[in-house]
2 protein chains.
Amino acid sequence: MNSVNTKICRFAQHDVIFYEGDMADRVFEIVEGAVMLYKLLPDGRRQVVEMLGPQALFGIPAHGIYDCAAETLVPTVLRSLRRRDLEEQMDLQQHITRCLLSQMERLHDHAVLLGRKSATERVASFLFRFVANRGGVGCTGPGKGEVDEETVRLNMTRQEIADFLGLTIETVSRVFSDMKRRGVICIEKTDQIRINNVCGLCHLTGAH
Amino acid sequence: MNSVNTKICRFAQHDVIFYEGDMADRVFEIVEGAVMLYKLLPDGRRQVVEMLGPQALFGIPAHGIYDCAAETLVPTVLRSLRRRDLEEQMDLQQHITRCLLSQMERLHDHAVLLGRKSATERVASFLFRFVANRGGVGCTGPGKGEVDEETVRLNMTRQEIADFLGLTIETVSRVFSDMKRRGVICIEKTDQIRINNVCGLCHLTGAH
DNA sequence: CGGGAATTTGACAGTGGTCAAGTGCCGTGG
DNA sequence: CCACGGCACTTGACCACTGTCAAATTCCCG
């Protein structure tokens, strides 16, 4: 997405980019940073439906109105484009399709998490997302004798994590404490966690 | 999707179209019928992640392998196309994008349902999907004095409903019984339900 | 009408939610 | 440099909702 009429915008942490229901005249690509998309129920319950990183596209609505709110998790740089322009850029269509398809697969996994996983499995799956290299096929485990640890930076409050995982803040906190007690993780700072045993964590996700 | 190399296939009810993990060489469009996409956890838990009707596209994977299994809910007619051909049909790209975007919005709603709604709200939301005309903006209610009822055909077993809503079969059954007791619905046949008060049902969805 | 599967119902248990109190972290200001 | 205040997070006690397991019932179809 690097053509006419693109505009670069910078956002601070926790800035709102748009609200659900806003007229969707612009679409966005993440250049750097992270964004969450969420929906609210009238009584205030919130569900974070997607978390997006660099290269992701968002704000392309099916019907002219944003179906989610978008908010940054960290200071973020976005490239934005008028929606009309996007539609006319035929050469972009295939790129858009590809982005949407990966996001769709993530949404499917997230549905499994929300519909069928326990609190521990949800938190484990969540932490596991941050271990980049292991995302792929076949958690083969570490090379033998290798220390299988990793420190990750969440960049999300407990409330945001809870709203993403379909839990409450207290449950998220309790699961973290449990995992700490069992030696799976160390909480170095509230928002920075060392996974002592990635392979062990993987088994807690329910996917293996 | 009406070009070279398309192939029409007919499937009976509950036929499997493909399994998760199969090589994704063909993509599908629903001509007539209904299809569910689901994923399984290794211990057998299942989550239905999408239910699709006519015109929907599915089986377009981000990475060459189907990320979900696909199974018909009713006898279904599909049009299929080699994946390579689809990619080359530039004139289709915009259509694909549009389909994916609507599906994405549905997935967002489904995430809210799975992450934040109670059993009753889930079942109510589920039934509400079948009331076609009311899907849109502003459940304005029936014209005054009008009988506000509707009979819907589910075409899904209780197990399929449960796996779609992230519940157990027993909970789904109990919620149906509750609603019957409270006069919101009548269960004419296990799979055919009369909604006595659409507006009332709508209030049970949690979205109002 | 009969048989088997799907659904419903009941009793009970457990996970996660709620509400309230306690602790810790971090920035501000003295 | 340290004391203070506020906010985020953690912990505890209790409860409700939904899951589990088992039994009864109904539905569907031959």
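- For C:dG17, one of the phosphate oxygens OP1 or OP2 lies less than 4.0 angstrom from a side-chain nitrogen or oxygen of A:Thr171.
- Side-chain nitrogen and oxygen atoms of A:Ser173 include at least one within less than 4.0 Å of the OP1 or OP2 phosphate oxygen of D:dT10.
- Each of B:Tyr19, B:Tyr38, B:Phe18, B:Phe58 was compared with B:Tyr66 under the ring-ring contact (aromatic ring centres under 6.0 Å, His included) criterion, and only B:Phe18 meets it.
- Note on the helix from C:dC1-D:dG30 to C:dG30-D:dC1: angle between the axes of the first and last five pairs equals 40°, rounded to 10 degrees.
- For A:Gln55, the CD atom counts as loosely surrounded, since its 6.0 Å shell holds 12 or fewer non-hydrogen atoms of other residues, nucleotides or ligands.
- For A:Arg106, the CZ atom is loosely surrounded, since the number of other residues' heavy atoms within 6.0 Å does not exceed 12.
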Can you check side chain to side chain donor-acceptor pair (under 3.5 Å) on A:His108 and B:Gln47, steps first, answer last? CA-CA 9 Å; A:His108 289 167; B:Gln47 179 64 46; over 6 Å; no
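- Of the possible polar contacts, one joining the A:Thr72 side chain to the A:Ala12 backbone as a donor-acceptor pair under 3.5 Å is found.
- A distance of 6.5 Å separates CE in A:Met36 from CE in A:Met156, rounded to the nearest 0.5 Å.
- Distance A:Ile169 CD1 to C:dG16 P: 17 Å, rounded to the nearest Å.
- Under the 3.5 Å distance criterion, the side-chain polar atoms of B:Arg158 are left unmatched by any main-chain donor or acceptor of B:Ile169.
- Atom CE of A:Met156 is separated from atom P of D:dA8 by 15 Å (rounded to the nearest Å).
- With distances taken from any side-chain atom of A:Leu167 to the nucleotides D:dT18, D:dT20, C:dG17, the minimum falls on C:dG17.
- Computed from coordinates, the B:Arg46 CZ to D:dG19 P distance equals 15 Å when rounded to whole Å.
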Please walk me through it: do B:Arg26 and B:Arg82 pass side chain to side chain contact (heavy atoms under 4.5 Å, CB included)? CA-CA 4 Å; B:Arg26 300 196 75 86; B:Arg82 286 218 328 268; 3.5 Å; yes
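- Annotation: side chain of B:Thr6 is not in contact with side chain of B:Glu29 (no heavy-atom distance under 4.5 Å).
- Contact check of residues 176-195 of chain A against DNA chain D (heavy atom, cut-off under 4.0 Å) returns A:Ser177, A:Thr190.
- Counted within 6.0 Å of CD on B:Gln192, heavy atoms from surrounding residues, nucleotides or ligands total more than 12; the atom is thus considered enclosed.
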Detail all sub-3.5 Å separations between protein N/O atoms and N/O atoms belonging to nucleotides 19-21 of chain C.
from, atom 1, to, atom 2, distance (Å)
C:dC19, N4, A:Glu170, OE2, 3.1

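- By the 6.0 Å contact criterion, CD on A:Glu32 is open, its count of non-hydrogen atoms from other residues, nucleotides or ligands being 12 or less.
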